Structure formats: C-alpha cells, structure tokens
Amino acid sequence: MPKYYVLEMFPYPSGNIHIGHVRNYTMGDVVARYKRARGFNVLHPMGWDAFGLPAENAARDKNVHPAEWTYANIANMRRELKSMGLSLDWSKELATCHPGYYGKQQELFLDFMRDELVYRKETWVNWDPIDMTVLANEQVIDGRGWRSGALVEKRKLNQWMFRIADYSEALLDGLDTLDRWPDRVRLMQENWIGKSKGARVQFKIAGTDQDLEIYTTRPDTLYGASFMAVAADHPLAQKLMPDNSAIADFVAECHRMGTSEEAIEKAEKKGVDTGLRAEHPFIEGKTLPIYVANFVLMEYGTGAIFACPAHDQRDLDFARKYGLEVTRVVADADGNEADVETEAYTGPGTLINSGFLNGLEADDARKKAVARLVELDQGVETTNYRLRDWGLSRQRYWGCPIPVVHCEACGTVPEKAENLPIVLPDDVTFDKPGNPLDHHPSWKHTNCPSCGKAAIRETDTMDTFVDSSWYFSRFCAPRNDKPVSQADVDYWLPVDQYIGGIEHAILHLLYSRFFSRAMKETGAVEFTEPFDGLFTQGMVTHETYKSADGAWLFPQDVTQNDAGEPVHIETGASVTIGGVEKMSKSKKNVVDPGEIIDKFGADAARWFVLSDSPPDRDMEWTDAGATGAWRFKQRLHRFIEENLDNIVALDAPEPSEFCDQATALRKEGHKTLMHVTDSIEKLHFNNAIARIYEFMKTLGDFKATGKPGSDWALREAMEIMVSVVGPMMPHLTEELWEMLGHKTILADSPWPTLIEELTVDNTVTIAVQVKGKLRATIEVQKDAPSDAVEALALAEESVIKAIGENPIRKVIVVPNRIVNIVI
RNA sequence: GCCCCUGUGGCGGAAUCGGUAGACGCGACAGAUUCAAAAUCUGUUGUCCAUAGGGCGUGCCUGUUCGAGUCAGGCCAGGGGCACCA
C-alpha cells in the first residue's frame with residue numbers, strides 16, 4: 001500500500017483552538033480522509049509545540065506551574081479538536097515539553113556537537129528586554145521581538161550556534177527541487193539566504209605592513225573608490241579605540257543605536273576618520289581615507305568596504321556629508337556621463353574614467369578587475385550569503401535544557417548520553433527577572449562528565465524552533481528509544497503534504513530544512529528535504545464593531561434592529577461596522593470555535609471554512625455563510641431520508657437498461673465525481689464544494705418514476721454524493737451511509753470508481769461568433785465535421801442577421817468549441 | 001528603495017489549453033406556503049437603452065490575435081516580503 005503523510009503545523013497549546021486552527025486542520029483532514037479512500041496508508045498525527053514563554057508568564061501571573069498550565073491547555077485543546085471530527089492518529093500524540101521528547105532532542109544535540117554542527121561563541125545578540133532572552137535574526141521583526149514586541153537591544157553573550165550558514169548553498173539549491181511548494185515561499189527563502197557574488201580585496205594600509213580586507217559586489221567600480229569604511233566592531237576600530245576618544249565615543253554610540261527604532265527610522269550615515277589611509281590597488285600613489293562608519297555591518301562580508309559614491313546611494317550620502325570626492329565610472333545605457341549629484345547610478349553601462357577597464361560593459365569589467373586583483377595577489381572572487389548562523393540559546397526555564405556542563409578543568413563538556421534526559425527541575429520560582437534555571441539553588445551544580453569534579457550545568461535552554469525542526473520525524477515512532485526510528489522514518493518521510501500558515505515561510509520551514517540536512521549528516525535520517533508538498537492557507541478574518549464611545553465589541557454582542565441597523569444586543573445603542581480584519585483579541589473580532597460547533601455543528605463549521613474562499617487566501621467568517629453550510633447539510637439529509645424508498649437494495653445488480661432520465665442522472669453523478677476528485681487533489685476545496693452544490697440541485701430535482709434503472713441510478717447518485725461530501729462532513733455522511741444500508745463505515749470505504757464514458761457528452765453546445773461577438777449557440781454531435789458545423793452556424797437566423805450584406809472573409813471552426821465568422 | 005503577489009456583479013468567488021465572462025454560494029427582490037412569523041420551496045438578480053432586441057462590461061492605456069479575464073508592454077491601486085547586506 002502506498003504511504004501518504006499529511007501533516008498540519010502542530011499548535012502551541014495556548015488554551016483554546018481558534019478558528020484559524022479549524023481551517024488548517026479541516027484542510028488536512030479532508031486530504032487525509034480522501035487519500036485513505038484512495039487506498040493510501042495515511043499518517044495523520046497531532047501533537048503540541050508545548051515549550052515557550054507564555055507558560056512562564058502564566059506561572060508568574062497566575063502562580064501555576066508551567067507544566068500544569070501547559071498540560072491543562074493540551075487537555076482542553078485535545079477535547080476541542082476531537083469535537084471537530086478529525087481523523088487523527090492520537091496514538092502518535094507527542095508534546096515537546098515531555099522528557100520523552102526533549103530528552104531525544106538532547107541526544108540529537110550531542111550528535112550535532114560531535115559532528116561540529118553546533119558551537120559556542122561570544123557574539124553580539126538580539127536581546128529582548130521584556131522576555132529577557134536572546135532572539136535569532138529571524139525572530140526580530142522591524143527591530144522588535146516577534147512575541148513581546150519589545151525594542152530589541154544589542155548585547156554580547158556566549159551563545160550556542162547552529163552552523164546553518166554552512167548550508168546556505170545547499171538550502172538554496174534544495175529550493176529548486178521543491179516544486180510542490182508555493183513560489184512565494186521559495187522566493188522568500190531565496191531572498192533570506194541572500195546569495196551574492198563578488199570579490200574580497202586586500203587594500204594595503206599606507207605606512208604599515210597591514211591589509212584591510214573588504215568585500216564588494218562591484219569590483220568594476222574600483223576606479224570610482226573615494227574612501228574606505230569599517231564597522232564599529234571591526235578589529236581595526238577596536239584596536240584604535242584606546243588611543244582615539246573620537247572613535248571610542250562613536251563606537252559606543254553605534255552600540256546604543258543597535259537595532260533600536262532610531263536605527264530603523266533611516267538613521268543618518270555617520271562616521272569618524274581614523275586618519276589611516278589605504279592604497280588603491282590599481283592607481284599608483286592614490287590613497288583613500290579609512291572611516292569607521294555606522295552603516296557598515298560587522299556580520300556581513302568582512303565588516304569593511306570600499307566606497308564608490310557615484311554608484312552606491314549609501315556611499316553617496318556619506319560622501320556628500322563629509323565632502324569626499326565623487327567620480328563617475330559607469331556611463332548609463334544612453335552613454336550619459338553627467339556628474340552624479342544626489343542620486344547614485346546603479347544601473348548597467350559602460351566603464352569610463354577607469355584606466356584599463358574603460359569601454360567595457362560592467363559585467364566584463366567585473367571579471368577583468370577581479371583577474372587583475374588575482375594577478376596582484378590582492379583579491380579573490382567569492383560568494384557571500386546574508387544567512388547567518390542560528391543562535392539557539394535562550395535564557396529561559398520552559399525549554400529543552402542544553403545537555404552540556406562547564407568544567408573549570410575540562411572546559412565545555414557534553415553530557416554523557418546515558419545521563420539523558422537532563423530533566424527540568426519542578427521546583428522553580430518566577431518572582432525575579434532572568435533565568436529561573438540559573439536562580440535554582442541546586443539544579444546547575446553537577447559533576448563534570450569527563451573528570452568527575454564539581455562543575456556547572458549549562459542553564460540556557462533551546463530556542464523552541466529547535467523543537468519544531470524535527471517533530472515530524474519523531475511522529476513516525478514517538479516512543480522509540482532513539483530520537484527517530486530509522487525504519488519508520490525511511491517509510492514515512494518526507495511529509496507528502498504539509499499545511500500551515502505563511503508566517504512560517506522563513507523561520508520554521510528554513511530551520512526544519514537545515515535540521516533535516518544536519519540529521520542526515522549525523523546519520524539519523526536519510527532524506528534531505530522534509531516537506532515534499534507545502535500548502536500555506538490564508539487567515540480567517542471578521543468584521544470589526546465599535547460602540548459610539550469607540551470601544552471594540554465582540555460579534556456576539558452585536559445584532560440588527562428592526563430597521564436592519566447594527567446595534568448592541570443589550571443596550572440597543574447603535575454600533576459602527578469597521579473593516580474586515582484578521583481576527584485578534586485586541587479588536588474583539590473573534591469567534592469561538594466551541595460556540596460555533598455548538599450552534600452549527602462541526603460538519604457545518606468544517607464545510608463553511610472550506611466553501612467560500614480559495615484556501616490559500618484569507619476568508620471572512622460570517623454567520624450567514626455558516627448558516628448556508630448548515631442549510632446544505634439539512635437539505636442533503638432530508639433528501640436522502642425522503643428518498644430511501646425510491647432506491648434499489650444495497651448491492652442490487654446493475655440493470656441492463658437505463659431510461660433517459662436515469663442516464664442523465666448517472667452522467668451528472670460521474671461528472672461531479674470527476675471534478676470533485678480533481679479539485680481535492682489540487683486542494684481547491686471551494687471548487688469541489690461548488691460542484692457538489694450543483695449536483696445537489698440535480699439530485700433534488702430528480703423525481704422517482706419507476707422507469708427502467710431509475711431506482712438503481714438514484715442509489716448510485718446518492719452514494720457518490722455521500723462519498724464526495726464525506727471528507728468534509730464526516731459525521732453527517734457516516735449517518736447517511738448507514739441509512740443507505742452499509743455495514744462498513746464510510747471512512748473505511750473506497751472512493752467511488754469513475755466511469756469515464758459517463759463523463760463525456762455525445763452532443764456539444766458550440767458558440768457562434770460573428771466578428772468575435774456571440775450571436776448564437778448550436779447543438780451538434782461531438783466531433784462533428786467542421787464543414788457541417790460551419791453550415792449549421794451559417795444557417796442560424798441571428799447569424800445571418802449579424803452578417804447582413806457583408807462578405808464573409810473567413811470562418812474559423814474550432815472543433816467542439818466555437819465558430820467565428822469574420823466579415 | 002528593492003523584490004513578489006493580487007485587481008472580475010452589492011459581497012465571497014468560478015472560468016483546466018487564448019474560445020459562450022459572471023458557475024456555485026451569500027445578500028437583495030418577487031411569489032408560494034402560513035392566522036402570522038421562522039423554516040422551507042419557486043423565480044428574478046452585471047450594467048445601460050429598452051418592446052423585440054441591442055450597446056457596454058474582468059483596475060486604466062496600448063499591442064498581438066479570427067477571438068484576450070487569460071499573452072506582451074506601459075501605468076494606477078491594494079497587499080506581502082526584505083531593507084544600511086557593500
């Protein structure tokens with residue numbers, strides 16, 4: 001039996017499911033049920049992304065232990081998910097906060113240490129002052145923490161880092177193989193990895209025997225060089241600091257700026273002249289001033305640049321501020337060589353003012369310049385990436401402990417595998433800021449795994465994105481002794497269809513792609529890409545409501561008065577309807593899935609989240625839409641119940657003869673089956689539902705006549721209907737399936753078999769156009785010869801009228817589609 | 001600033017390959033049923049002129065084509081991603 005692994009991104013156990021979960025998990029469930037019916041062995045598990053800061057905040061605010069809070073939330077959300085009728089394999093359930101999971105993660109970490117995929121380094125980090133922890137670059141959005149929203153500061157800390165940057169090229173290359181991923185996500189990852197081709201160039205520092213190494217993507221503009229600039233943290237600046245208070249002050253200022261708001265609000269380009277000068281590699285005797293500048297990043301390239309103001313906007317701004325020279329070296333496409341004033345020219349063109357490069361196109365000049373640098377032994381062509389290593393240390397309690405011990409004698413020592421899991425202590429307090437593990441009286445005191453002497457345990461825990469970077473592999477065998485069971489992973493992975501929100505386009509998905517490669521390196525798995533197919537579903541939105549005093553109102557507090565105006569349900573005060581926005585607690589435009597399921601039933605809720613909008617786009621939750629879904633459910637139920645007497649018994653043999661009415665019904669049924677199947681395969685659930693509605697209309701119009709085959713055809717049609725609705729409305733359809741006399745449940749029944757002959761018509765309706773305008777439609781035999789079709793078209797009265805006195809210049813006949821008469 | 005996506009009735013949206021634009025749903029309107037209402041059922045519903053019938057119509061402008069929502073070029077609007085990345 002072929003396998004199919006369908007997975008929705010596992011939820012954070014915040015306490016309640018929200019309507020976005022309903023949409024996400026319904027889509028996955030439809031795929032799972034459909035694939036099962038198509039004969040696949042389906043894995044469809046569920047678990048909990050259960051570590052993270054909210055549990056610690058709850059502990060602090062409500063005086064409840066993070067574990068207790070988390071497990072209570074899990075219990076509630078599991079109950080809510082079960083009420084949705086999801087076909088999940090609960091025997092595979094896992095929670096990342098359970099030692100049975102995070103202990104295995106610690107094992108993986110030791111393997112990573114062994115193979116040098118993780119290392120420790122003192123580095124500048126993004127510090128979130130509210131969450132009191134470090135954030136990865138990916139977790140800083142607009143200079144603020146992705147969770148807390150606090151302005152992020154720069155701090156220097158010892159950090160555990162994953163070598164994700166070493167995989168830049170591999171992660172980039174891998175994107176090409178992911179043809180079942182949205183282009184948008186691939187593009188976002190490509191941009192994030194940020195590959196650029198350029199050169200490293202050594203500039204001699206005049207009067208010394210030292211070099212300044214820079215990175216540039218524009219070696220062709222070397223003749224336009226006007227100054228050099230290094231980052232505040234560049235070794236050169238650091239070395240000059242003690243003897244140069246101007247530089248020391250400036251470096252301190254840069255650190256204060258960090259990623260703070262000022263920096264984002266287009267910080268002015270500033271710098272300090274070091275007094276040193278660099279020798280131009282091509283121009284004998286020319287030297288360039290070296291600045292420390294705030295717009296140069298230590299983390300990118302070499303932390304130093306040469307500046308060509310005419311062809312780089314930042315360099316130009318800086319040059320204008322400090323009165324440095326601006327030499328144009330690239331003429332634009334029209335040969336324009338005019339001086340650059342306030343706008344740098346970054347387009348293509350021909351080299352000027354550039355010695356041996358003059359007259360060359362920029363691309364050729366680039367190559368020639370690098371060749372000369374290599375000759376001079378002053379440069380080399382290189383590739384650079386924006387992607388940096390992933391700092392995973394978090395100074396928090398509720399996360400996976402990093403299984404490492406710091407020993408005065410032996411240094412940083414990995415824990416022994418047999419000591420795993422390193423379990424979090426239960427008795428922790430959250431009354432003071434900082435890391436509770438660090439405050440704990442005894443937990444960090446241990447013995448060195450190497451020499452046995454007293455030593456200190458690492459108190460940092462892992463970023464929760466580590467937890468979600470391999471859970472899909474653990475799902476195959478969640479209680480296995482090893483982190484992943486080789487045989488099970490070989491069978492199930494990669495995930496065939498992964499479904500989740502676009503907000504994880506970079507963070508979670510890139511980390512998981514790295515983790516799979518790293519685990520392949522350590523021998524844990526054999527696959528490279530974890531997610532073969534990815535689908536990103538849109539958000540659920542809702543109208544917003546405001547009372548006269550400007551306060552947000554919940555949808556359930558708003559109703560319509562007799563005049564149809566929106567009013568407050570209790571006070572009758574008038575209400576303003578605002579825009580349709582992403583559901584958020586602050587704007588109160590939320591609906592509670594629990595209430596929805598109570599009111600409309602799980603089937604109607606599932607149906608509605610699939611029905612109206614394409615699944616990758618945002619959908620608006622409306623009560624009217626949910627009511628529509630409920631009505632369909634009632635209608636189908638009523639129809640089948642009322643027509644049970646008009647159908648043949650289960651397994652009655654197919655009659656040899658069908659009346660016209662029966663054949664017409666069969667055709668509609670099989671056409672519906674074909675389209676719904678196709679739509680589900682493409683995850684176009686809204687199209688599948690539109691087709692089902694059409695078929696419901698046909699079915700509802702069918703009247704039992706007793707003519708040959710009609711009772712057999714009606715059962716066939718009903719069974720097709722129940723089967724195709726099945727993945728979306730499991731409760732209703734199981735009931736109907738039983739009413740139809742089946743002894744086995746629908747969920748275990750195969751998808752109906754398509755009879756292709758019944759999906760093709762023997763007559764077709766052809767449009768007749770005159771000069772591209774529709775004038776008539778004609779019924780003809782399928783595949784009728786063109787000249788016969790043409791004759792029929794020309795005989796149509798409305799066509800004759802439209803042609804009038806004009807001579808016919810040409811007649812185009814597209815078989816089975818259209819006739820266009822050109823006059 | 002750079003990169004990407006999306007613009008179709010009152011609304012959500014459909015249109016597989018360039019071939020009858022507006023499927024299907026919601027809403028609205030009219031009617032049936034009802035003492036009445038709810039529920040249900042039937043019909044109408046892009047727009048303009050209107051009697052038949054016709055004109056116009058997929059953000060705007062050009063173009064390619066017998067034929068364009070669909071392809072190409074140029075704009076406009078909305079959304080998203082990245083952003084001192086040298």
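Please read all numbers here as calculations on a predicted model, not as lab measurements. Chain A is the first sequence line, chain B the second, and so forth, proteins listed ahead of strands; every chain is numbered from 1.
- Side-chain atoms of A:R617 and A:Q537 include no donor-acceptor pair closer than 3.5 Å.
- Salt-bridge check for A:D623 with A:K599: passed, with a basic side-chain N closer than 4.0 Å to an acidic carboxylate O.
- Both A:D612 and A:R638 lie close to RNA chain B; mapped to their nearest nucleotides by heavy-atom distance, the more 5′-ward contact belongs to A:D612.
- One finds no side-chain N or O of A:K771 lying less than 4.0 angstrom from the OP1 or OP2 phosphate oxygen of B:C66.
- Side-chain contact between A:I812 and A:V819 is absent, with no heavy atoms from C-beta onward closer than 4.5 Å.
- For the pair A:R328 and A:Y345, the cation-pi criterion (under 6.0 Å, within 45° of the ring axis) is fulfilled.
- Closest approach to the A:A624 side chain among B:C3, B:G67, B:G27 is made by B:G27 (side chain taken as heavy atoms from C-beta onward).
- Judged by Watson-Crick or G-U wobble contacts below 3.5 Å, the nucleotide B:A83 has no partner.
- When each of B:A14, B:A86, B:C66 is scored by its nearest atom to the side-chain atoms of A:T216, the top-ranked nucleotide is B:A86.
- Rounded to an integer number of Å, the gap from CH2 of A:W630 to C1' of B:U40 is 11 Å.
- Between A:F600 and A:F608, the ring centre distance reaches or exceeds 6.0 Å.
- Annotation: B:C66 and B:U20 have their C1' atoms spaced 16 Å apart (nearest Å).
- Residue contacts shown for A:V296 include a base, since a base heavy atom lies under 4.0 Å away.
- When the P atom is compared between B:U33 and B:U42, the two are found 15 Å apart, to the nearest whole Å.
- A centroid separation of less than 6.0 Å is found between the aromatic rings of A:F318 and A:F227.
- Between B:C4 and A:R186, no contact under 4.0 Å exists linking OP1 or OP2 to a side-chain N or O.
- Residue A:T622 is classed as having no contact, given no heavy-atom separation below 4.0 Å to the nucleic acid.
- Straight-line distance from the CG atom of A:N191 to the C1' atom of B:C5: 13 Å, rounded to whole Å.
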Please list every donor-acceptor pair under 3.5 Å in which a side-chain atom of residues 789-799 of chain A meets a protein atom from a residue at least two apart or in another chain.
residue : atom : partner : partner atom : Å
A:S798  : OG   : A:R775  : O            : 2.9

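- Across all strands shown, B:U58 forms no Watson-Crick or G-U wobble pair with both distances under 3.5 Å.
- Checking A:D612 against A:N686 by side-chain atom types alone, no donor-acceptor pair falls below 3.5 Å.
- Nearest-nucleotide positions on RNA chain B place A:G628 closer to the 5' end than the other of A:M188 and A:G628.
- Straight-line distance from the CD atom of A:Q313 to the P atom of B:C84: 15 Å, rounded to whole Å.
- A 3.5 Å limit on both hydrogen-bonding distances identifies no Watson-Crick or G-U partner for B:G67.
- When both distances must be under 3.5 Å, the Watson-Crick or G-U wobble mate of B:G78 is B:C5.
- Of the candidate nucleotides B:C26, B:C82, B:U20, B:C82 has the atom nearest to the side chain of A:I506.
- Counting any heavy atom pair closer than 4.0 Å across all strands shown, A:D315 reaches no nucleic acid atom.
- Of the listed nucleotides (B:A15, B:A86, B:C66), B:A86 has the atom at the smallest distance from the side chain of A:L297.
- The distance from atom CZ of A:R200 to atom C1' of B:A86 is 13 Å, rounded to the nearest whole Å.
- Taking syn as a glycosidic angle within 90° of 0, B:C76 does not qualify and is anti.
- Rounded to a whole Å, the CG atom of A:L774 is 15 Å from the P atom of B:G57.
- Using a 4.0 Å heavy-atom cutoff across all strands shown, A:H675 reaches at least one base atom of the nucleic acid.
- We find that CZ of A:R617 is positioned 10 Å from P of B:G12, with the value rounded to whole Å.
- A:D701 places its CG atom 13 Å from the C1' atom of B:G43, with the value rounded to the nearest Å.
- Using a 4.0 Å heavy-atom distance criterion, A:R218 is classed as a sugar-phosphate-only contact.
- The side chain of A:I305 lies closest to B:A86, out of B:A83, B:G80, B:A86.
- At least one side-chain nitrogen or oxygen of A:Y300 sits closer than 4.0 Å to the OP1 or OP2 atom of B:A86.
- When heavy atoms are screened at a 4.0 angstrom cut-off, A:K270 is found touching no nucleic acid atom at all.
- Between A:H504 and A:H508, the ring planes are perpendicular. Angles over 60° get that label, and only those under 30° would be called parallel.
- Figure legend. B:A28 is base-paired to B:U44; pairs are counted as Watson-Crick or G-U wobble with both atom distances under 3.5 Å.
- A sub-4.0 Å separation between OP1 or OP2 of B:G54 and a side-chain N or O of A:K773 is absent.
- Among the protein residues, A:T777 comes within range of the nucleic acid bases, having at least one heavy atom under 4.0 Å from a base atom.
- Across B:U51 and B:U58, the matching P atoms stand 27 Å from one another, rounded to whole Å.
- Nucleotides B:A37 and B:U44 are separated by 24 Å at their C1' atoms, to the nearest Å.
- Among the protein residues, A:E694 comes within range of the sugar-phosphate backbone only, with heavy atoms under 4.0 Å from sugar or phosphate atoms but none that close to a base.
- Figure legend. B:A15 is base-paired to no nucleotide; pairs are counted as Watson-Crick or G-U wobble with both atom distances under 3.5 Å.
- Rounded to whole Å, the P atom of B:A15 lies 12 Å from the corresponding atom of B:G19.
- Distance from the side chain of A:Q769 is smallest to B:G19 among B:A86, B:U16, B:G19.
- For RNA chain B, the residues of residues 812-823 of chain A within the heavy-atom distance limit of 4.0 Å (strictly under) are A:I812, A:V814, A:R817, A:I818, A:N820, A:V822, sorted by number.
- Rounded to whole Å, the separation between the P atoms of B:A14 and B:U8 comes to 11 Å.
- Residue A:E213 comes nearest to A:R200 through the heavy atom pair OE1-NH1, 3.3 Å, listed as atom of the first residue, atom of the second, then distance.
- Across B:G22 and B:U47, the matching C1' atoms stand 13 Å from one another, rounded to whole Å.
- A salt bridge links A:D761 with A:K671: at least one charged nitrogen is closer than 4.0 Å to a carboxylate oxygen.
- Minimum atom distance to the side chain of A:D312 is reached by B:A86, of the listed B:C4, B:A86, B:U20.
- Counting non-hydrogen atoms under 4.0 angstrom, A:Y693 reaches the backbone sugars and phosphates but no base.
- Nearest heavy-atom pair, A:V326 versus A:R320, reported as atom, atom and distance to 0.1 Å: CG2-NH1, 3.6 Å.
- Spacing between atom CE of A:M228 and atom P of B:A86 amounts to 16 Å, rounded to whole angstrom units.
- Residue A:N384 is out of contact with every strand shown, counting any heavy-atom pair closer than 4.0 Å.
- For B:U20, neither phosphate oxygen OP1 nor OP2 lies less than 4.0 angstrom from any side-chain nitrogen or oxygen of A:R775.
- Shown here, B:G9 is classed syn by the O4'-C1'-N9-C4 or O4'-C1'-N1-C2 angle, which is within 90° of 0.
- B:A23 and B:G69 have their C1' atoms separated by 15 Å, given to the nearest Å.
- In this structure, B:A21 makes no Watson-Crick or G-U wobble pair, since no nucleotide meets both defining distances under 3.5 angstrom.
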